[in-house]
Number of protein chains: 2
Amino acid sequence: MKLTSKGRYAVMALVDLARFDSINPVSLRDISLRQGISLDYLEQIFSKLKKDQIVKSIRGTQGGYVLSKKPNEIKLTNIFHAVDEKVKTVQCKKDSKKGCNGKATKCVTHNLWDELENHINSFFEKKSLEDLLKSSTENRI
Amino acid sequence: MKLTSKGRYAVMALVDLARFDSINPVSLRDISLRQGISLDYLEQIFSKLKKDQIVKSIRGTQGGYVLSKKPNEIKLTNIFHAVDEKVKTVQCKKDSKKGCNGKATKCVTHNLWDELENHINSFFEKKSLEDLLKSSTENRI
DNA sequence: ACTATACTTGACCATTTTAGTCAAGTATGT
DNA sequence: ACATACTTGACTAAAATGGTCAAGTATAGT
C-alpha cells in the first residue's frame with residue numbers, strides 16, 4: 001500500500017496557499033519555489049483542484065490561485081479525491097457473473113477491503129486543511 | 001494509495017490453508033486451484049510467509065504447508081509485514097541535514113503520514129485470521 | 001534404492017503507474 | 001502592447017507490479 005507524492009504535493013501546496021491566501025492570490029511559481037515542487041507538476045495538480053472547486057484561479061499580472069472555501073471546510077478526503085488519489089482495494093473482477101476470480105464463492109477478502117476503505121476514509125474525512133495549518137505553524141523551526 | 005494483490009493473495013491463501021489445515025498439510029497446488037492464484041506466485045509468497053514463521057513447510061509426497069500458530073494468533077499485520085506489503089508514506093528525503101525537501105522547515109505533511117500510518121496499522125492489528133475465517137464461511141454461496 | 005511429489009531459489013520480463021518534462025497556447029491587468 | 005500567469009495536452013524515463021521460467025533439493029512411500 002502506498003501514497004503517491006501527487007497527493008502529498010497537493011496537500012503541501014494547499015497549506016502553503018492557505019497561509020498566504022488572505023493577502024493576495026498566490027502564484028504557482030511562488031509555491032513551487034517555497035515548497036520545492038516542479039512548477040509544471042503543480043500546474044497539473046492545480047488544474048484538478050480547480051475542477052473540483054477547491055481553488056479558484058485569477059488570471060492576469062498579479063493573478064494566481066485562492067482557496068474556494070475556508071480551510072476548515074476543505075477535508076483531506078476532498079483533496080485526495082480531486083487529484084485521483086484513492087484507496088484502491090485491488091478488487092476482484094466485478095464483470096464476471098460468477099464470484100471473485102471466477103470462483104463460485106465470494107472471495108474471503110471481499111469484505112475486508114471494504115472495511116479497510118471505510119476505516120481509512122474516516123481518517124481523511126476528519127482532517128481538514130485548518131488542522132494541518134495549525135500543526136504546520138507549530139512545527140516551524 | 002493502493003493495496004497490491006500480493007497482500008490480497010497472501011490473505012486468501014492463508015484463509016484457504018486455515019480451513020483445511022486441521023486434517024493434512026495443504027499443497028500449494030491445491031490452494032492454487034481453489035483460489036485461482038498462479039502456483040509460481042504462491043511459491044514466492046509462501047517462501048516469505050515461512051521466513052516469518054507464519055507457516056511451516058512439510059516436504060515429501062503428502063507434504064505441503066501448515067499454519068505455525070493458531071488462526072487467532074495470526075494478525076493481518078503479521079501477514080502484510082511478511083510479504084513486504086507496507087504503508088509507504090512517500091516521505092521526504094531523510095538524509096539531508098536540513099528539513100524536508102531541502103527546506104529549513106519540516107514539511108507540513110510530515111506528521112500527517114505518521115498519524116495515518118498508525119490509524120491503518122491499528123486496523124490490521126485488530127483483525128486476525130480467525131476473524132476472516134468466520135466471515136468467509138458466512139459468505140459461502 | 002527409486003521415484004513421484006512437493007518445496008526452494010533465483011533470474012527474468014511485460015505491463016502499468018509514477019512523476020515528472022516540454023511545448024504551444026489563451027486570458028488579463030497595467 | 002506586453003508581461004505575467006493560467007491552460008491544455010502530448011510525451012517519457014524510471015520504478016513498481018505481477019507475474020513466468022528454469023533448475024534445482026528434500027523426503028515419503030513402495
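Within every chain, numbering begins at 1; the chains are lettered A, B, ... in the order of the sequence lines, protein sequences first and strands thereafter.
- Between I31(B) atom CD1 and dC7(C) atom C1' the separation is 13 Å, expressed in whole Å.
- The R29(A) side chain lies nearest to dA5(D) when the options are dT7(D), dC7(C), dA5(D).
- Across residues 51-61 of chain A, R59(A), G60(A), T61(A) each have a non-hydrogen atom less than 4.0 Å from an atom of DNA chain C (numbered order).
- The CZ atom of F80(B) sits 10.5 Å away from the CD1 atom of I120(B) when rounded to the nearest 0.5 Å.
- If you take NZ of K50(B) and P of dA6(C), they are 16 Å apart, rounded to a whole angstrom.
- For the pair Y9(A) OH and dT18(C) P, the interatomic distance rounds to 14 Å; values are reported in whole Å.
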Can I get a per-line list of side-chain donor-acceptor pairs under 3.5 Å for residues 44-56 of chain A, giving both atom names and the distance, sequence neighbours left out?
residue: K48(A); atom: NZ; partner: D84(A); partner atom: OD2; Å: 3.0
residue: K50(A); atom: NZ; partner: S57(A); partner atom: OG; Å: 3.1
residue: D52(A); atom: OD2; partner: H81(A); partner atom: ND1; Å: 3.2

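- To the nearest angstrom, C1' of dT18(C) lies 15 Å from CD1 of I37(A).
- Looking at W113(B) and R8(A), their side chains come closer than 4.5 Å, going by heavy atoms from C-beta outward.
- With sequence neighbours excluded, no residue forms a side-chain contact (heavy atoms from CB on, under 4.5 Å) with T61(A).
- Between the CG atom of L33(A) and the C1' atom of dT4(D) there is a distance of 15 Å, rounded to whole Å.
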Let me have the donor-acceptor pairs involving side chains of residues 123-132 of chain A, under 3.5 Å, with sequence neighbours excluded, atom names and distances please.
residue: K127(A); atom: NZ; partner: E115(B); partner atom: OE1; Å: 3.0
residue: K127(A); atom: NZ; partner: E115(B); partner atom: OE2; Å: 3.4
residue: S128(A); atom: OG; partner: E130(A); partner atom: N; Å: 3.2
residue: S128(A); atom: OG; partner: D131(A); partner atom: N; Å: 3.4
residue: S128(A); atom: OG; partner: D131(A); partner atom: OD2; Å: 3.4
residue: D131(A); atom: OD2; partner: S128(A); partner atom: N; Å: 2.9

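- Crowding of E73(B) atom CD: a count of heavy atoms from other residues, nucleotides or ligands under 6.0 Å exceeding 12.
- Contact annotation: the side chain of D16(B) never approaches that of D30(B) to less than 4.5 Å [non-hydrogen atoms, C-beta and beyond].
- Atom CD1 of I74(B) is separated from atom OG of S68(B) by 7.0 Å, given to the nearest 0.5 angstrom.
- Of the listed nucleotides (dC6(D), dC7(C), dG19(D)), dC7(C) has the atom at the smallest distance from the side chain of L28(B).
- Comparing the helix axis at one end of the helix from dA1(C)-dT30(D) to dT30(C)-dA1(D) with that at the other, each defined from 5 consecutive pairs, gives an inter-axis angle of 10° (nearest 10°).
- Between the side chain of N121(B) and the backbone N or O of E117(B), at least one donor-acceptor pair lies under 3.5 Å.
- The stretch residues 38-46 of chain B touches DNA chain D through S38(B), D40(B), Y41(B), Q44(B), each having a heavy atom under 4.0 angstrom from the strand.
- In this structure, L49(B) places its CG atom 13 Å from P of dC7(C), rounding to the nearest Å.
- Separation of atoms CG (L133(B)) and CZ (R19(B)) is listed at 6.5 Å; rounding is to 0.5 Å.
- Distance NZ (K6(A)) to P (dT21(C)): 13 Å, rounded to an integer number of Å.
- Evaluated for a side-chain contact (heavy atoms from CB on, under 4.5 Å) with Y65(B), the options V26(B), L17(B), L42(B) yield exactly one hit, L17(B).
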